[in-house]
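Encoded as structure tokens, the structure appears first; notes follow it.
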There are 2 protein chains.
Amino acid sequence: MSDLREKIIQTSLELFDRHGFHGVTVKQIVQETNTSKGGFYHHFQSKDELLFVIHDTFITYVLKEAQAANVTHSSPIPKVQAIIQSFVQVFDLYKPHISVFYQESLYLKPAYEEEIKGKRDKFKRMVFNVIEEGQKTGHFRRELPLEITGMAILGMVNWIYKWYRRDGTYTIDQIAEVFTDLVLHFLLPGKEDSEYFRHMLKVPFFYESE
Amino acid sequence: MSDLREKIIQTSLELFDRHGFHGVTVKQIVQETNTSKGGFYHHFQSKDELLFVIHDTFITYVLKEAQAANVTHSSPIPKVQAIIQSFVQVFDLYKPHISVFYQESLYLKPAYEEEIKGKRDKFKRMVFNVIEEGQKTGHFRRELPLEITGMAILGMVNWIYKWYRRDGTYTIDQIAEVFTDLVLHFLLPGKEDSEYFRHMLKVPFFYESE
DNA sequence: TACAACAGACCAACCAGTCGGTCTTTACTT
DNA sequence: AAGTAAAGACCGACTGGTTGGTCTGTTGTA
């Protein structure tokens, strides 16, 4: 297969990561890759297709990993651990992809957007399902609203792309460990009787509606 | 003062929110606002200045709120509650500002960027300080690494801009309540002795280094 | 010789920003 | 109160540079 295609993607990734999709011109990409307009448009129909390819390789990978984690384990707790672990680690592997994914998704052309959105929602539903399952089996606190809790988890993990550096204080595995700890601490029951919890807590509105 | 200036900002906000900074031209802004290029450039030096103004009004507000919450309370627990509460509520007030803030910060011109970055870091440090304070006083779990925990909180809250809708299932206050619950659940100690915690937890690497 | 892989000059569309001009409000003088 | 000059607010045709994309080749290779 073509070597140039992959080289263009890698170069674009770095440039997009630093300057954003609109901050980088096809001319720049072509120069940095030591090729030509002809070379570029031989491999990609348009600049937009390149954006799509970047989106797709990342989300496809994440989805596959989550499915694997889901199948391997049967209890909700190790499932959550495995999903978070693999999800967080993706940020080390695919950092530039992810930056582009979250920064530039607005600029995906409608046809491309739909395909990406489909896979993204699939992943989201997987995470939500695991939480819901855990709540049903009694492993996780039932009083937590699924949507809010789920988005909190996705949010804290997704945000990693804004601050993670390979040469930072902590490795990606340490971050994954702490995040798993944090999530399990708010998912698992058993703290409510602690003396510290005289403070307003326990999501009152959720009880009212029952 | 000028009415038009505010009207331009509001229109731009909606347009940027939907199509991104680069997806909207000055011509479009001007048409949608029922004014002219002249009108626009009378109030703004450049399109970039408009972007800066949007960034600045939001971050200035958040910073002010956090400082207020910090002064009002003295114990770390209500401080955390107040900061998260006000921070989350901002997403109802400033949703379009925030979308622009996080989507388009890459495109701020250097001089503008510096000013925004300064305020943003100030806010971050305030959050971190409250956590650190709580750890020192023994209110919060000491074994949690400050940076990772802090970014987890900022991440879950910041991510709200990606999914919150006014007409969604939950109100912004309910979201704030649940988020406060989640954060305090992983900050406060006292769960480790629960029977559920036979599972690997408690951030082992953090102990090793002591 | 046929076709994929690439080169690079070229173009039409677009876009942020300019500039000379008009209308309206303010401020000052008589 | 009337007259007027200056400043502020706004208009819109125009421009110079840029950008994504095209098209006519040329080269290597099966």
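Quick note on labels: first sequence line is chain A, next is B, and so on, each numbered from 1.
Applying the salt bridge (Lys or Arg N to Asp or Glu O under 4.0 Å) definition to pairs two or more places apart or across chains, those involving residues 66-87 of chain A are A/K79-A/E133. Residue pairs that meet the side chain to side chain donor-acceptor pair (under 3.5 Å) test with at least one member in residues 36-45 of chain B, sequence neighbours left out, are B/S2-B/H43.
B/Y107 pairs by the ring pair (Phe, Tyr, Trp, His ring centres under 6.0 Å) definition with B/H22, not counting sequence neighbours. With sequence neighbours excluded, the residues forming a salt bridge (charged side-chain N to carboxylate O under 4.0 Å, His left out) with A/K119 are A/D56, listed by chain and number. Scanning for salt bridge (charged side-chain N to carboxylate O under 4.0 Å, His left out) contacts around B/K117 gives B/D121, with sequence neighbours left out. Shown here are the salt bridge (charged side-chain N to carboxylate O under 4.0 Å, His left out) partners of A/R166, two or more places apart in sequence or in another chain: A/D92. A/K27 pairs by the salt bridge (charged side-chain N to carboxylate O under 4.0 Å, His left out) definition with nothing, not counting sequence neighbours. Qualifying side chain to side chain contact (heavy atoms under 4.5 Å, CB included) partners for A/T169, counting only residues two or more places apart in sequence or in other chains: B/E147.
Looking at residues 11-29 of chain B, you'll see B/V24, B/T25, B/V26 sit with a heavy atom under 4.0 Å from some atom of DNA chain C. Non-hydrogen atoms lying under 4.0 Å from DNA chain C are contributed by B/K37, B/Y41, all within residues 35-43 of chain B.
A donor-acceptor pair under 3.5 Å is absent between the side-chain atoms of B/S75 and the main chain of B/P78, judged by distance alone. For the pair A/K47 (side chain) and A/F21 (backbone), a donor-acceptor distance under 3.5 Å is present.
Contact footprint of chain B on DNA chain C: nucleotides with an atom under 4.0 Å from a non-hydrogen protein atom, first to last in 5' to 3' order, C/dC15 to C/dT18. Here chain B contacts DNA chain D (any atom closer than 4.0 Å to a heavy atom, that is under 4.0 Å), and the contacts span D/dA9 to D/dA13 from 5' to 3'.
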